[in-house]
Each structure stands twice: as C-alpha cells, then as structure tokens.
Amino acid sequence: MHRLAVPFDQWPAVECEIWLLGTAVSDKLGQRKKSRRSPATFLKYQHNYGRWLGFLERRGLLDLNQRAGERVTPDLLVKFFDEMLARGNADYTIYSRFCDLRSALRILEPGSDWNWVVRPFGITVYSVLPMRTRPKLVPAAGELFVWSIGLMDDAQTSGGQTDQLIQYRDGLFMAIAVSSGRRLRALSSLRVDHELMRLEAGYHVEIPPELDKTRRLDAFDLPPALTGYIDRYLDVVRPALLKGQASDDLWISRRGRRLSAKTITARVEHWTRQEFDEAFGPHRFKHSAATACVLHSPDEPDLVAAAFRTSPAVLQNHYIQRDAAQVRALIAHASLLDRLRVGK
C-alpha cells in the first residue's frame, strides 16, 4: 500500500477509543472539559498521527498489536524525517509533524514523557533544519480589495447565470476576507442573522468563541464600502443559488447547499491563479491585511495584533513583509483601501 496516511477509522480499535476519550469536549456527565486545544487542533494531531502510521505501513512495519509508543523509535523517526525531506516538504511542515506526533502520543499514552520525539538523538529536529520559508506572493491589501470588488462589478447577477452568481459570491468572500483579516474557519461559518447581522450603519459580525482561535468572542464591523455589495448578495445572488431551498448559511454552493471551507479555498485559488499567475488561499488575504495595518500603525504592534487575533511575535515573524518595493506598494494600496472603507 502506498497511501500517505492511515485514516482514523482504520487505526487500532483501542487507539480510536483512547483518542475519542482523550479529545472529548465533555465528560460522561455532560460537563464541558477545560482544554486549550480546539477541535481543529485535535483533528490536525489526528491527521499527522495517521501520516506516521502510513509511514510505518508503507515499510511493512505497522504492527497493530503494538502500543502506540512501542512503534516509535529514534531510528524510525530519522527515517520518517528523511522521507519528508525526500518528498520536498517544507522545513516548518516537517517540524510541525514531529510536534503533532508528540502531541498525539501524549493523548494515546498520557503517562509517558514524549518530549524526546522532537529530539530523537538529543538534537532537536528544529535545530537541524534551516527553517527556510518559501517565498510567497502577497499582493497589497488595497489591490486585493479593489480586485475583489471588480469581480463583483463584472458579474452580471441580474441574468441569473450560475457562473456569474458564483463569481459575485467569490468576489464578496475575498473582499470580506481582506478587509476583516479573519481566518477561513470563522468566515466560512457565517450565518445570516446569526454571526452576520444587518445594522442601520452597515453589517456587523460576531464570531462565537468556539469558532475563534483565541476562544473569545470576536466582534467587528465590515467596511461601509461593502454594505451595498452584501445587500445585493443577500437580496439577489444568494436566493438564486438557494433555488428555493431554506438555509441560514451565508455562503451557498451552486447546488444550493452550504459551501464548505475546502471548496472556498479551491475557489480562492482558482481566482488568484487567474489574476496573479500563482494560486494562493484565504490565509494569504489575512497575511496581506495584517501587513497593511502594521505599516500604517508601526508604533502600535500590540493594537494591531489584537485586531487580527494574534500575538505581536507571530505578527512580526509571519505577517510583516520586508521587501522594500512591496512595502511601498502596500502603503499605496492600503491608503486606497482606507478611502474605500469610508465610501469616498
């Protein structure tokens, strides 16, 4: 077999049972457990543990009668490392998979110390990788915002053609993504009159704690420049996509169903590939928005970090662009975005 990962339902039965108990959000009495990990994080651990099992399976080394911890040896971890290098995985991806394997083992065998997994022979995986980040195309926030609005303007929604409806929907999602700087998980879960509300001054969003990475309520207003576009989407585009079906989900597929986060990512990649000759997903929109705000408020990194629901260190290391030409472009386009936000 050559599959990359063993799916959860094909794990050893005892490990499935331990995993479900260890990642449950409530106990047997129905009381909510205190956890610093979100369901999405547990799912990431689960996926990468499945990759470890897949690695063992491809080499004929997966013994389902062994305990999870018995399958992990320093020699095998080195081979796991070498395989990921050979596959061309990014440095941060490799290190993340080692960390997730450690976290998965802590769930499966909580009584043991698994810190050694990220340093199989006393040397950390992190230290032997150059931790290079692949160069990323990150267009300026203003450029992304104006381009997204242009997609909506070009879509002839009155005719009801499905492709035009889809274009309008996708343009609106990207405009909201770059103007709000929120994560895909939160934006893809918006519902009309729930998380998204129409107020007299425009549209307001309240993302509940379970959908926010910080586990706190996230409330913010959308730019006034988008009010008319959202109105049109709700009055014309969305009903046409629903085709008479009932739903409170904001993002609707061409089949009249809830649009999944995976499909949204694919649609964003479709449009960005056409426009920028390189496909990138919704997270790059957050990246661009955060960078633009940092450039406009260089003396207030904590304020900007709070606005984008991240830490100042993450903001500095992952969102701020250092290329001088790109910085100048970001400043110019961010100014345009500011004017659009106030409807000028």
Side-chain angles (χ1 to χ4, degrees), residues 40 44 88-93 96 131-152 166-167 169-190 205 207 211-213 218 220 222-223 226 251 259-296 304-305 307-338 340-341:
K44 180 169 172 282
N89 292 132
D91 297 340
Y92 282 97
T93 298
S96 176
M131 304 309 287
R132 294 180 296 261
T133 55
R134 291 172 175 170
K136 294 180 178 179
L137 169 68
V138 185
E143 181 182 357
L144 288 173
F145 189 76
V146 172
W147 167 64
S148 300
I149 286 179
L151 285 177
M152 290 188 283
I166 295 298
Q167 178 174 322
R169 179 203 67 196
D170 295 347
L172 179 60
F173 175 85
M174 292 187 290
I176 290 176
V178 73
S179 60
S180 69
R182 261 52 184 190
R183 295 177 177 86
L184 170 64
R185 179 168 175 252
L187 296 183
S188 65
S189 302
L190 296 179
V205 176
I207 297 172
L211 293 178
D212 185 77
K213 192 172 184 179
D218 181 17
F220 56 92
L222 292 175
L226 289 181
W251 308 112
L259 197 66
S260 68
K262 182 178 180 180
T263 302
I264 290 174
T265 297
R267 295 302 304 167
V268 172
E269 290 175 347
H270 164 78
W271 290 112
T272 53
R273 183 184 295 108
Q274 286 192 10
E275 179 69 13
F276 303 104
D277 296 323
E278 178 187 329
F280 54 86
H283 189 71
R284 207 77 65 87
F285 285 70
K286 174 181 171 64
H287 190 146
S288 181
T291 299
C293 284
V294 168
L295 289 168
H296 276 277
V304 175
F308 285 92
R309 317 293 279 189
T310 189
S311 69
V314 170
L315 192 74
Q316 175 67 32
N317 293 331
H318 298 286
Y319 293 113
I320 299 175
Q321 302 303 298
R322 293 175 176 81
D323 180 80
Q326 193 171 35
V327 166
R328 288 194 294 271
L330 278 165
I331 293 173
H333 287 300
S335 296
L336 176 59
L337 178 56
D338 286 342
L340 288 170
R341 282 182 172 179

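- Ring to ring, Phe173 and Trp271 are not that close: their centroids are 6.0 angstrom or more apart.
- In this view, Ala261 and Leu184, Ser188 satisfy the side chain to side chain contact (heavy atoms under 4.5 Å, CB included) rule, not counting sequence neighbours.
- In this structure the side chain of Glu143 reaches within 4.5 angstrom of the side chain of Phe276, judged on heavy atoms.
- Counting all heavy atoms, side chain and backbone alike, Met174 lies closest to Ser148 at CB-OG, 3.3 Å.
- Between Phe285 and Phe280, the two ring planes are tilted [angle within 30° to 60°].
- Leu222 and Ser180 get closest at one heavy-atom pair: CD2-CB, 4.4 Å.
- Among residues two or more places apart in sequence or in another chain, the side chain to side chain contact (heavy atoms under 4.5 Å, CB included) test is passed with Ala279 by Glu269, Thr272, Arg273.
- In this structure the side chain of Leu226 reaches within 4.5 angstrom of the side chain of Ile176, judged on heavy atoms.
- Separation of atoms CD (Glu278) and CZ (Arg284) is listed at 5.5 Å; rounding is to 0.5 Å.
- Contacts of Ser260 classified as side-chain hydrogen bond (donor to acceptor under 3.5 Å, both in side chains), with partners at least two apart in sequence or in another chain: Thr263.
- Here the options are Val205, Leu187, Leu190, the test is side chain to side chain contact (heavy atoms under 4.5 Å, CB included), and the partner is Arg182; only Leu187 passes.
- For the atom pair CG of Leu259 and CZ of Arg267, the computed distance is 9.0 Å after rounding to the nearest 0.5 Å.
- Note that the CZ atom of Arg169 and the CD1 atom of Ile264 stand 7.5 Å from one another [nearest 0.5 Å].
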